[in-house]
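Predicted, not measured: the structure shown is a model, and the values here were computed from it. Excluded from the calculations below are hydrogen atoms, water molecules and symmetry mates; all remaining heavy atoms, backbone and side chain alike, are included. Lettering follows sequence order; numbering is per chain, from 1.
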2 protein chains.
Amino acid sequence: MATLKDISAELGLSVATVSRALNGFPEVSARTRARVQDVADRIGYKPNRIAQRLVTGRSGMVGFIAKLNADMTADQTFLEILTGLTAALAERDVDLVLSVDQHDDPVTVYERMLERGILDGFILNAPVPNDPRVAFLQSRGIPFVMHGQSEQVVDYPFYGIDNRAVSRDAVSLLATLGHRRIALLNGDIRFSFAIDREQGFREAIAEEGLNTPEAFIGHETPSESYGYTEALAMLSGRRGTKPTAIICGSTLIAAGVMRAAKDLGLSVPSDLSLIAHDDALPQFRAVNFDPPLTVTRSPLRDACSPLANHLIDHISGGDAETLQSQIRAELIVRESTGPVPKGGTDPWP
Amino acid sequence: MATLKDISAELGLSVATVSRALNGFPEVSARTRARVQDVADRIGYKPNRIAQRLVTGRSGMVGFIAKLNADMTADQTFLEILTGLTAALAERDVDLVLSVDQHDDPVTVYERMLERGILDGFILNAPVPNDPRVAFLQSRGIPFVMHGQSEQVVDYPFYGIDNRAVSRDAVSLLATLGHRRIALLNGDIRFSFAIDREQGFREAIAEEGLNTPEAFIGHETPSESYGYTEALAMLSGRRGTKPTAIICGSTLIAAGVMRAAKDLGLSVPSDLSLIAHDDALPQFRAVNFDPPLTVTRSPLRDACSPLANHLIDHISGGDAETLQSQIRAELIVRESTGPVPKGGTDPWP
DNA sequence: CGAAAAACTCAAAACGTTTTAAATACCGAT
DNA sequence: ATCGGTATTTAAAACGTTTTGAGTTTTTCG
């Protein structure tokens, strides 16, 4: 492996000058810089990252901890995040150290990884209200970035979508189409994203002067079967007057709802309007539904690059407040939403 | 962060002695070692990996590259491996650096990770015949351990099960029960494990003096639906005389076969015997099948610790030949296998 | 008791880089 | 020629560890 010393020896320069030349410092002459660059290219010089890290005090590695469900499965979004994240980090020459959390206590794994002392920071996802990981990492002064937000105003970097707006936009679209009985099949309510969606839903419903009984607001870890069984219960009339529209927390849930509608002989969108939030996971494409799904869309993959950049910038001293972004999901109207069916215009009491 | 210097200052020893004391060198007195250890524990000393690496050339990090399918999903075993591996590596104070492979060329990701120069070695899984990753890493002299084997005799560390024996054991059990028409629903035949299973299957079938037409030997990426559609085709009689027993590459496939049998009104095991290979994934428990599945069982989780240890030992100079283990899957007879049904005793022509 | 051997400890070099502080070269103006 | 200043380069320190070669102490044994 070629080193700075090799280059400096060949040119009769000091290693300091060579280092500066290659790192674009302004005080080195153009002629010298060119000569250095030439030799470096010729002998295929690659800086030794370990040595760089020893002197700069940074490791160029960040941690990510996968939280498994009780049944040892990962949340369907995990892989997508992982893929995008490693790519985005690699772009800025940072590596991802992974660990898997099988513990009950959410912070012990972070503690253990920190003890090894090789991480510059963490990427957190799936926040819950008053997330204990946040308190822990802040108490240790460890930089991190959060995917999603747990509170309205925070003092750490994050990137996420406006989840209240997601529900608002969905309700607003359906209300415009004349719907008065709108149900919600939300994700796991322990997580902030689902709490925000539900809150946005309730707000929007109230603003439209409507009402949705509790029996028509559900929440659970997204799965096709959850969508199916809940929709079956709601649409069969067992729980009271059935809804004319359902808002789903994910396309996976929507798939189940679709199947339930089919089994009950209901057609989408003439008997039932359907709108889902779409993370744009490659396995489950909303456009491939029959009919194509109306969605609030925000590709999970799009979050990875900002997350990586926010974190790295923060580690390099960037101000937390300037490294926060909340973006708005895009409302894409396709064919699973339509005017309220005749005879379905009465609101719930 | 506490350093060797802190300890040496506190005790009035040299850093050299402190280093030796902590690393178990023989030439330091028991008393000194104890004093050093005490202080180290008290101030929570952790060696700086980066500094260690600079001088020893080792980093205490190994790479693992997740290969995604075309549809961006991971193979169902991925998470299980990941969980076990991070735990087993942590046990020996080694970290796992993860990357995700979205490329066509299987070695480019390895090359890119290597360029950064921070990895001691790799853990490879899902080998294919003449695996290009093996050739690549060997040409660079990078240590690695393989989960599974691609060839009969190799010169690198591995841990895996005897896949030919898996099929042999299954066929042998079924033959003993009187079955003469045994079908195989194998995993993706690009991978060595599936190739070996098929080879073992053919050998065992031949040894029993039997024959299985090509139409009854299938292979594909395991999924419930694959099991369902193939079993439906085989058991409906569309492909010729139907089998009395099916060997499945995974419990996932078996689930599909089970559903197909049910749809066709066949009961297991009186009309059809079923045996699957069981990786013991927590999501899909063979004992929870109805009837409980007869399996060749080899928990994927059991592979993680040996893999981690083989790799670390190899990195520390251990001989490749002594770091190879091939174990035998356990045959567990439950209730999905039974005597051949009356009238099903004719072999295929 | 004294010398040789064994046991233990230390100072310093090394790994490859960045960065600080100091030195030298170059320039135009006196 | 000399001065003051700027532009460029250098030597050396630093990061935290391991390891070499050389001490220093202690033990052993004649």
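Proximity of a side-chain donor or acceptor of Asn48(A) to a complementary backbone N or O of Ile50(A) within less than 3.5 Å is detected. Remark: side-chain polar atoms of Asn23(B) are not paired, donor with acceptor, to backbone N or O of Phe25(B) under 3.5 angstrom. A distance-only check finds no donor-acceptor pair linking the side chain of Ser99(A) to the backbone of Ile65(A) [under 3.5 Å]. No donor-acceptor distance shorter than 3.5 angstrom exists from the side chain of Ser305(A) to the backbone of Ala88(A), with no hydrogens or angles considered.
Here the C1' atom of nucleotide dT20(C) and the CZ atom of Phe25(A) are 11 Å apart, to the nearest Å. When rounded to the nearest whole Å, the span between CZ of Arg49(A) and P of dT18(C) equals 10 Å. Ile50(A) places its CD1 atom 13 Å from the C1' atom of dC15(D), with the value rounded to the nearest Å. As a whole-Å value, the separation of Ile118(A) CD1 from dT17(D) C1' is 16 Å. The CG atom of Leu4(B) sits 19 Å away from the P atom of dA13(C) (whole-angstrom rounding). Protein atom CG of Leu11(A) is 15 Å distant from nucleotide atom C1' of dT8(D), rounded to whole Å. What separates CG of Asn48(B) from P of dG16(D) is a distance of 7 Å, to the nearest Å. Atom pair Arg58(A):CZ and dC15(D):C1' shows a separation of 14 Å (rounding to whole Å applied).
Less than 6.0 angstrom separates the ring centroid of Tyr156(A) from the ring centroid of Phe144(A). Taking the ring centroids of Tyr110(A) and Phe136(A), they lie at or beyond the 6.0 Å cut-off.
Donor-acceptor pairing under 3.5 Å is lacking for the side chains of Asn309(A) and Glu91(A).
Phosphate contact (OP1/OP2 of dT18(D), side-chain N/O of Gln52(B), threshold under 4.0 Å): present. Side-chain N/O atoms of Asn23(A) include one lying less than 4.0 angstrom from OP1 or OP2 on dT18(C).
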The contact string for nucleotides 5-12 of chain C, one letter per nucleotide 5' to 3', using protein heavy atoms under 4.0 Å with B, S and - for base, sugar-phosphate only and none, comes out as ---BBBB-
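Using a 4.0 Å heavy-atom distance criterion, Ser19(B) is classed as a base contact.
Of the listed nucleotides (dG16(D), dT18(C), dG16(C)), dG16(D) has the atom at the smallest distance from the side chain of Ala51(B).
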